[in-house]
Trainee: 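Structure in structure tokens, see below.
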Amino acid sequence: MDRKLKDEVYRDLVKKATAMLVRSYVPYSAFHVGAALMCKDGSIETGVNIENSSYSPAICAERTAIFKAVSEGKREFEAIAVVGCKEEHLSTEEYKNGILPDYCPPCGVCRQVMREFTDPLDFEIILAKSEDDYKVYKLCELLPESFGPENLGV
Ligand code: THU
């Protein structure tokens with residue numbers, strides 16, 4: 001599918017998401033996730049995953065970014081970059097050079113939350129291993145035949 005943004009915009013989102021990885025609070029999984037959400041007004045909200053000793057109150061990085069944005073009055077979004085890695089990777093030279101071992105696709109719950117606030121044909125999800133190695137998907141590719149506000153007439 002066609003990409004709608006410039007290369008430098010995708011790269012900047014990947015860079016910002018990657019820089020967030022050290023802020024994840026992940027004593028239970030030791031898996032760090034960072035997200036950078038571009039709003040339609042051009043601003044960027046970041047997020048990390050935040051876990052909890054009671055497990056189920058944990059929140060993913062993508063939802064942290066989206067909820068931060070919504071609570072700041074922003075409801076229109078262009079794209080989100082998502083990156084993740086195990087804790088041990090954060091101390092490597094590769095990480096210092098902005099390189100991650102794997103792509104980190106968003107979980108189903110986060111895809112559904114994206115669906116709430118975006119047009120699945122328009123909103124883009126960037127999965128990256130580095131600023132030079134990323135894939136761009138439309139939400140409709142990662143959440144086909146989705147249920148959304150229109151199904152409830154909203
Ligand atoms: N995680 C995210 O932050 N985003 C996702 O979409 C996938 C999973 C987090 C949740 C948990 O803190 C850790 O990664 C391991 O599942």
Side-chain angles (χ1 to χ4, degrees), residues 1 3-5 9-40 43-72 74-92 94-96 98-149:
M1 242 177 246
R3 294 177 174 186
K4 63 177 175 176
L5 302 172
V9 177
Y10 295 123
R11 291 173 66 92
D12 185 51
L13 289 173
V14 171
K15 188 178 184 174
K16 289 193 162 71
T18 306
M20 292 303 290
L21 288 170
V22 291
R23 296 204 184 150
S24 290
Y25 176 74
V26 290
Y28 308 104
S29 73
F31 190 80
H32 294 245
V33 183
L37 174 71
M38 168 157 268
C39 307
K40 292 262 186 194
S43 63
I44 294 171
E45 290 282 352
T46 54
V48 296
N49 52 334
I50 303 168
E51 298 181 347
N52 190 280
S53 54
S54 183
Y55 287 28
S56 63
I59 187 165
C60 293
E62 301 90 314
R63 274 176 289 143
T64 301
I66 293 167
F67 294 159
K68 277 173 69 183
V70 172
S71 66
E72 292 300 321
K74 299 164 194 175
R75 290 188 187 170
E76 293 185 49
F77 308 123
E78 202 84 79
I80 190 168
V82 188
V83 297
C85 68
K86 291 182 181 169
E87 185 131 338
E88 63 229 35
H89 188 74
L90 295 179
S91 52
T92 64
E94 268 199 318
Y95 176 70
K96 283 176 199 121
I99 298 167
L100 302 165
D102 293 305
Y103 300 112
C104 180
C107 80
V109 173
C110 288
R111 293 177 200 205
Q112 185 63 36
V113 170
M114 293 170 197
R115 174 69 176 86
E116 187 66 25
F117 295 103
T118 70
D119 173 354
L121 296 168
D122 173 72
F123 186 68
E124 291 183 336
I125 299 164
I126 303 125
L127 306 185
K129 290 193 200 177
S130 75
E131 281 181 59
D132 299 315
D133 181 350
Y134 62 83
K135 306 189 278 192
V136 180
Y137 295 95
K138 299 285 187 201
L139 178 57
C140 62
E141 296 177 273
L142 300 188
L143 193 69
E145 298 293 342
S146 60
F147 187 88

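One-based numbering, in listed order, for ligands and for the atoms of each. All values derive from a computational prediction rather than experimental measurement.
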Trainee: Taking a 3.5 Å cut-off between nitrogen or oxygen atoms, can you list every pair linking ligand 1 to the protein, with distances?
Mentor:
{"unit_1": "ligand 1", "atom_1": "3 (O)", "unit_2": "A61", "atom_2": "N", "d": "3.0"}
{"unit_1": "ligand 1", "atom_1": "4 (N)", "unit_2": "E62", "atom_2": "OE1", "d": "2.8"}
{"unit_1": "ligand 1", "atom_1": "4 (N)", "unit_2": "E62", "atom_2": "OE2", "d": "3.4"}
{"unit_1": "ligand 1", "atom_1": "6 (O)", "unit_2": "E62", "atom_2": "OE1", "d": "3.4"}
{"unit_1": "ligand 1", "atom_1": "6 (O)", "unit_2": "E62", "atom_2": "OE2", "d": "2.6"}
{"unit_1": "ligand 1", "atom_1": "6 (O)", "unit_2": "C107", "atom_2": "N", "d": "2.8"}
{"unit_1": "ligand 1", "atom_1": "12 (O)", "unit_2": "N49", "atom_2": "ND2", "d": "2.9"}
{"unit_1": "ligand 1", "atom_1": "12 (O)", "unit_2": "E51", "atom_2": "OE2", "d": "2.5"}
{"unit_1": "ligand 1", "atom_1": "14 (O)", "unit_2": "N49", "atom_2": "ND2", "d": "3.4"}

Trainee: At their closest point, which heavy atom of R63 faces which heavy atom of C110, and how far apart are they?
Mentor: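 Closest pair (atom of R63, atom of C110, distance): NE-SG, 3.3 Å.
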Trainee: Please determine whether a side-chain nitrogen of the Lys or Arg among E124 and K4 lies less than 4.0 Å from a carboxylate oxygen of the Asp or Glu.
Mentor: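 The answer is no: the pair does not qualify as a salt bridge.
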Trainee: With respect to L100, which candidate in V14, L21, D133 satisfies the side-chain contact (heavy atoms from CB on, under 4.5 Å) definition?
Mentor: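 Filter result, single survivor: L21.
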Trainee: Of all residues at least two apart in sequence or in a different chain, which pass the ring-ring contact (aromatic ring centres under 6.0 Å, His included) check with Y137?
Mentor: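 Y137 satisfies ring-ring contact (aromatic ring centres under 6.0 Å, His included) with no other residue.
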Trainee: Going by the angle between their ring planes, with limits at 30° and 60°, are Y95 and H89 parallel, tilted or perpendicular?
Mentor: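 Geometry flag for H89 against Y95: perpendicular rings.
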Trainee: Please state whether the rings of F117 and F77 are parallel, tilted or perpendicular, taking 30° and 60° as the class boundaries.
Mentor: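 Correct class here is perpendicular.
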